[in-house]
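Just so you know, these numbers use all the heavy atoms, side chains as well, and skip hydrogens, waters and symmetry mates.
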Amino acid sequence: QVSNRVGSITTLRHQPSSRSHGVGGPMSSKMRRIGLPQLWLLSALAAASPPPPADVESCGSSDAAQCPATGAADDTGFFQLRRSVAATERMGHFAQKSEGAALAAFAEEAAAELSTQFRPPPPEDDDGTLNWWNLPVQRSEEQLVQCVGQLRGKFGLGGAQFGYVPGREGPGLAYECTRVPGLSDKIPEELRGVFWMKGNVMNEELVALQNGKWFPKSRTLITPLSPFSWAWAGVDGTKPVNPPGLGLMYTRRMARASMLQLVANLTSFSLQFSECPGAPWRPMPFQLPGHACTKGSGKPPELTYASVIAHHWGVLKYRNQSAEWTAELYPSTEGNSWNRGIYTTILGKTYSTFSYNMVRILDGDGKPVEPYHSEYMTYIADANLALWYGYTESEVVSVLKQGKLREAWRMMWAGYCGKNPGGEFC
């Protein structure tokens with residue numbers, strides 16, 4: 001059985017059954033000690049979706065000839081990818097389409113060699129990947145050293161390295177450490193800066209989209225989860241004021257699991273902008289995609305509506321979600337407040353499940369955006385934030401840059417757990 005919260009790419013896995021299409025080993029004894037209320041919450045956030053085999057495009061068809069090419073350099077492929085998957089992938093549909101000898105072989109191979117509760121390993125080699133390590137402009141070593149130097153209480157977890165910063169200082173650090181001249185300045189201004197994931201029931205607080213690549217022809221932003229681009233609360237036991245979701249994901253154990261599982265997937269996100277479809281107002285949970293933005297808005301160059309897709313490992317032909325995700329600009333917010341829609345179709349009915357607001361608290365120049373900045377400062381109070389900045393094994397980055405994804409993945413886990421056999425999640 002699989003419990004998967006792909007709104008933030010968070011996954012827990014049990015031993016695959018004969019009906020499961022997941023890849024992975026049994027959960028560790030430590031993970032089994034997660035309380036039933038938290039496990040129920042993760043299950044309630046479910047949208048289970050295993051990755052496709054390396055030789056099948058994830059466009060809802062087992063015939064690769066029917067799927068669009070989605071290489072990182074193909075600017076038109078992103079629109080085709082979004083259109084095809086949005087039309088074909090709904091709850092349970094992807095798993096049904098994924099049956100076949102190729103997936104079975106892939107699952108058997110991975111399950112035999114890996115024993116972990118996290119997502120299946122990436123393909124052996126770079127396969128149409130766009131991620132932080134191969135963006136056309138990279139952060140300087142000096143910038144990264146300065147950023148790491150501002151973190152406190154650094155610690156390793158699952159082969160990744162994290163550090164803390166006071167929550168009130170988090171937005172400024174995320175901004176300075178993800179702003180890359182020659183890269184960030186090519187992204188539309190309303191997508192730069194730092195956003196607060198207000199109302200997100202996970203323990204994820206901040207996200208910076210500006211360390212990514214903008215494709216103007218298809219109006220698509222590919223933004224990887226990169227060092228300093230994401231921030232989590234609750235990891236050290238400190239919490240914001242009245243955290244969402246009754247604070248269930250803010251317990252230290254669940255917060256650390258959520259953080260590590262997101263980092264371990266090395267996910268890139270695509271935001272493909274188009275005209276807002278509009279939808280009549282309905283109360284939660286009966287809202288529909290496009291209800292928050294003005295119908296007909298979003299014609300070029302305006303940005304008001306985007307389809308959001310998660311690509312594990314940055315492999316752009318992977319769609320790692322079954323729910324439909326959107327970014328919908330609220331009118332009269334000057335590009336600063338978005339509905340991050342999460343919509344699930346069950347038995348022909350579409351429901352808004354755990355959507356939240358993505359509000360900009362620092363603009364493209366790093367200046368506070370009000371009233372959202374003040375609201376965030378009141379909310380975060382004295383809580384600390386954890387940010388990911390690197391790997392326990394320094395060689396992982398060079399191996400990723402060579403396109404050897406699975407080798408880097410093995411190195412990350414083997415290096416950490418080999419040195420810390422009793423470590424958390426090993």
Side-chain angles (χ1 to χ4, degrees), residues 1-12 19-22 37-52 58-62 79 81-99 197-202 244-246 248-249 269-298 304-310 318-331 338-358:
Q1 294 178 345
V2 181
S3 172
N4 182 18
R5 174 358 190 151
V6 278
S8 15
I9 322 300
T10 307
T11 309
L12 296 176
R19 297 185 63 184
S20 169
H21 300 285
Q38 294 96 328
L39 191 57
W40 173 88
L41 177 62
L42 287 177
S43 299
L45 294 165
S49 173
S58 59
C59 68
S61 172
S62 58
F79 172 71
L81 171 67
R82 183 196 65 80
R83 182 177 58 185
S84 61
V85 296
T88 58
E89 286 192 14
R90 290 296 184 266
M91 185 65 72
H93 180 81
F94 182 76
Q96 180 182 7
K97 289 287 186 179
S98 295
E99 295 183 16
M197 291 178 276
K198 182 180 179 181
N200 188 347
V201 297
M202 304 301 288
L246 302 178
L248 291 178
M249 292 303 299
F269 300 90
S270 62
L271 288 78
Q272 206 284 316
F273 288 87
S274 60
E275 185 176 320
C276 175
W281 182 90
R282 295 180 180 180
M284 284 283 288
F286 304 106
Q287 295 167 340
L288 298 173
H291 78 275
C293 51
T294 302
K295 183 177 181 179
S297 64
T304 65
Y305 180 85
S307 177
V308 182
I309 298 176
Y318 284 8
R319 173 192 166 103
N320 295 102
Q321 73 214 55
S322 290
E324 181 176 355
W325 300 350
T326 65
E328 308 169 24
L329 180 65
Y330 289 109
W338 300 75
N339 172 54
R340 246 299 279 118
I342 302 173
Y343 303 98
T344 301
T345 300
I346 303 174
L347 300 177
K349 298 290 185 180
T350 298
Y351 302 91
S352 177
T353 53
F354 300 98
S355 298
Y356 59 89
N357 291 334
M358 188 175 73

In a table with atom names and distances, give each donor-acceptor pair under 3.5 Å that connects a side chain of residues 289-297 to protein atoms at least two apart or in another chain.
| unit_1 | atom_1 | unit_2 | atom_2 | d |
| --- | --- | --- | --- | --- |
| His291 | ND1 | Leu288 | O | 3.0 |
| His291 | ND1 | Tyr343 | OH | 3.2 |
| His291 | NE2 | Gln287 | OE1 | 3.4 |
| Ser297 | OG | Thr294 | O | 2.5 |
| Ser297 | OG | Thr304 | OG1 | 2.9 |

query = Which pair of non-hydrogen atoms, one from Glu324 and one from Arg319, has the smallest distance, and what is that distance?
reply =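 Glu324 and Arg319 have their closest heavy atoms at CA-NH2, 4.3 Å.
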query = Looking at Ala310 and Trp325, what are the two nearest heavy atoms and their distance?
reply =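 Taking Ala310 first and Trp325 second, the nearest heavy atoms are CB-CZ3, 3.5 Å.
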task = Decide yes or no on side-chain contact (heavy atoms from CB on, under 4.5 Å) for Asn357 and Asn339, but give the supporting numbers first.
result = CA-CA 5 Å; Asn357 291 334; Asn339 172 54; 4.3 Å; yes
Just list the side-chain donor-acceptor pairs under 3.5 Å for residues 276-285, sequence neighbours left out, or say none.
none

remark   = CG of Leu271 to OG1 of Thr326, rounded to nearest 0.5 Å, is 10.0 Å
query = Can you tell me how far OG1 of Thr344 sits from NZ of Lys349, rounded to the nearest 0.5 angstrom?
reply =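 That separation rounds to 15.5 Å.
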query = Do the non-hydrogen side-chain atoms of Tyr356 and Val201 ever get within less than 4.5 Å of each other?
reply = no
request  = Would you check, one step at a time, whether the test side-chain contact (heavy atoms from CB on, under 4.5 Å) holds for Phe286 with Tyr351?
outcome  = CA-CA 5 Å; Phe286 304 106; Tyr351 302 91; 3.6 Å; yes
